[in-house]
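All of these numbers come straight from a predicted model, not from anything done at the bench. All values below come from the heavy atoms of this structure, side chains included, with hydrogens, waters and symmetry mates left out.
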Amino acid sequence: MSVTSPATVTNLDVQAVKDYLLSLQDHICSMLETVEPSIRFKEDAWDRPNGGGGRTRVIAGGDVIEKGGVNFSHVMGDNLPPSATAERPELAGGRFEAMGVSLVIHPNNPMAPTSHANVRLFIVYKDGMAPVWWFGGGFDLTPYYGFDEDCIHWHQTAHDAVEPFGEGYYSRFKTWCDDYFYLKHRGEPRGIGGLFFDDFNEASFEQCFGMMKAVGNAYTDAYLPILERRKDLPFTEQQRDFQLHRRGRYVEFNLVFDRGTHFGLQSGLGRTESILMSLPPEVRWTYEYQVTAESEEAKLTEYYLTSKDWLVATK
């Protein structure tokens with residue numbers, strides 16, 4: 001999608017965005033801790049010589065959450081990396097400022113899905129051009145054993161978050177999510193989708209910021225009810241083994257395709273430990289791994305990981 005309606009920096013309340021993102025990180029961590037009885041997030045604050053930095057918060061080894069990270073970062077640089085200019089060659093050589101909250105939660109229980117969310121603001125400054133800004137974000141769900149109830153709730157929450165900002169946004173961002181979180185070399189989606197948008201500046205800065213906030217605020221409403229329902233369900237060692245193999249798909253996507261991962265590593269301004277916090281603590285690859293036909297494991301790819309309108313799936 002091309003960048004439209006560039007705004008001058010004097011019209012941008014960047015500090016308000018940063019304040020919101022820091023408060024969002026606090027909110028998400030506190031809400032996740034309500035379902036994790038044994039441990040709390042550990043914070044690791046970091047700085048960069050150019051004034052950038054962030055707060056990485058990681059939780060690991062819990063009764064419910066095997067590993068999770070909720071990261072805030074605010075970085076600046078003199079040259080946009082290739083991942084940011086591939087579709088915007090006119091911005092090559094520009095200075096940039098990027099801030100956002102990104103998170104991934106990997107539960108212990110195979111019946112509980114992995115979840116991911118990200119909201120961000122990006123600004124490019126280049127001589128001879130007005131500063132260009134855009135928002136991005138979304139959230140997506142990666143189940144190992146699917147439940148229709150969870151998929152419908154996830155997508156209904158996504159719909160309700162963005163539709164007030166424009167009719168058709170949910171359908172558009174759902175399709176964008178399905179297309180983005182797709183493993184081309186496997187020929188399958190990473191999960192059941194949700195929302196994804198990027199390069200978004202179709203309205204005023206305040207309106208676009210408002211939609212980003214709505215998406216960020218909706219994440220815990222979407223995920224916590226699902227986690228509460230599934231975290232204590234019984235499971236077998238065979239089901240745990242399947243979870244570890246499917247986590248391999250998650251790793252493959254993040255390392256091969258994810259633009260955020262590529263931007264963080266290519267820019268040289270991110271913090272590698274924070275960028276790779278999304279990777280699960282245990283994962284498994286087995287040569288020519290196969291599941292039994294017509295099993296619950298086969299149902300994941302044959303039913304749940306298919307193009308589906310979950311808001312009408314059971315109507």
Side-chain angles (χ1 to χ4, degrees), residues 32 41 44 56-62 64-71 73 81-83 100-118 120 136-146 154 177-194 196 198 219 223 226-227 230 235 237-267 270-291 297-298 300-301 304-306:
L32 287 168
F41 279 91
D44 185 10
T56 297
R57 291 181 180 170
V58 174
I59 192 167
V64 175
I65 301 172
E66 187 172 359
K67 182 186 176 186
V70 183
N71 188 41
S73 63
S83 60
V101 166
S102 181
L103 69 98
V104 178
I105 303 298
H106 295 287
N108 280 301
N109 196 317
M111 302 299 155
T114 287
S115 68
H116 161 258
N118 176 276
R120 57 197 176 273
F139 48 74
D140 62 286
L141 196 70
T142 305
Y144 307 100
Y145 291 88
W154 182 260
C177 188
D178 291 342
D179 292 343
Y180 179 74
F181 292 103
Y182 188 82
L183 286 84
K184 301 177 181 66
H185 62 291
R186 297 284 189 180
E188 65 184 42
R190 186 172 83 173
I192 60 122
F196 180 84
D198 203 2
Y219 166 74
Y223 188 54
I226 297 172
L227 189 57
R230 309 304 169 198
F235 63 90
E237 284 300 315
Q238 184 270 332
Q239 290 168 328
R240 169 66 171 173
D241 178 73
F242 179 66
Q243 177 196 42
L244 297 184
H245 279 91
R246 291 302 307 181
R247 280 180 175 177
R249 303 289 206 266
Y250 204 94
V251 173
E252 290 172 22
F253 179 87
N254 277 29
L255 295 182
V256 177
F257 297 110
D258 187 70
R259 287 175 60 185
T261 300
H262 292 174
F263 172 80
L265 297 176
Q266 291 174 0
S267 69
R271 181 171 178 268
T272 301
E273 285 295 314
S274 301
I275 295 166
L276 299 181
M277 71 175 187
S278 62
L279 302 183
E282 292 190 44
V283 63
R284 189 168 294 163
W285 283 273
T286 300
Y287 183 68
E288 293 189 337
Y289 176 77
Q290 300 289 333
V291 299
E297 290 75 26
L300 177 70
T301 53
Y304 285 99
L305 303 189
T306 58

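At least one side-chain heavy atom of Phe242 sits under 4.5 Å from a side-chain heavy atom of Val291. Thr142 has its side chain out of reach of Phe253: every pair of non-hydrogen atoms, C-beta onward, lies at least 4.5 Å apart. Ile192 has its side chain within reach of Leu305: a pair of non-hydrogen atoms, C-beta onward, lies under 4.5 Å apart. In this structure, Pro113 and Tyr223 have side chains that are in contact, with non-hydrogen atoms separated by less than 4.5 Å. Between Pro189 and Leu183, the closest side-chain pair of non-hydrogen atoms is not below 4.5 Å.
Taken from NZ in Lys67 to CD1 in Ile59, the straight-line distance is 12.5 Å, to the nearest 0.5 Å. The CG atom of Asp198 lies 8.0 Å from the OH atom of Tyr180; values are rounded to the nearest 0.5 Å. One distance of note links CG of Leu244 with OH of Tyr144; it measures 9.0 Å at 0.5 Å rounding. A distance of 14.5 Å separates OH in Tyr182 from CZ in Arg190, rounded to the nearest 0.5 Å. Within the model, atoms CG of Leu227 and OG of Ser115 stand 7.5 Å from one another, a figure rounded to the nearest 0.5 Å. Atom CD1 of residue Ile65 and atom CD1 of residue Ile105 lie 5.0 Å apart, to the nearest 0.5 angstrom.
In terms of heavy atoms, Asn118 sits closest to Ser102 at ND2-CB, 3.2 Å. Across every non-hydrogen atom of Gly191 and Pro143, the tightest pair is CA-CD, 4.3 Å. The nearest pair of heavy atoms linking Gly194 to Cys177 is N-SG, 3.4 Å. Looking at every heavy atom in both residues, Val251 comes nearest to Val283 through CG2-CG2, 4.3 Å.
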### Message
Working note: Asp241 + Thr286, criterion side chain to side chain contact (heavy atoms under 4.5 Å, CB included); need CA distance, chi angles, decisive distance, verdict.
### Response
CA-CA 11 Å; Asp241 178 73; Thr286 300; 5.8 Å; no
### Derivation and outcome, side chain to side chain donor-acceptor pair (under 3.5 Å), residues Gln243 and Arg246
CA-CA 5 Å; Gln243 177 196 42; Arg246 291 302 307 181; over 6 Å; no
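Checking side-chain atoms of Arg247 against main-chain N and O of Glu282 turns up a donor-acceptor pair under 3.5 Å. Judged by distance alone, the side chain of Tyr219 and the main-chain N or O of Ala117 form no donor-acceptor pair under 3.5 Å. A distance-only check finds a donor-acceptor pair linking the side chain of Asn109 to the backbone of Arg230 [under 3.5 Å].
The distance between the ring centers of His116 and Tyr250 does not fall below 6.0 angstrom.
Between Tyr289 and His245, the angle of the ring planes stays under 30°, which puts this pair in the parallel group of the 30/60° scheme.
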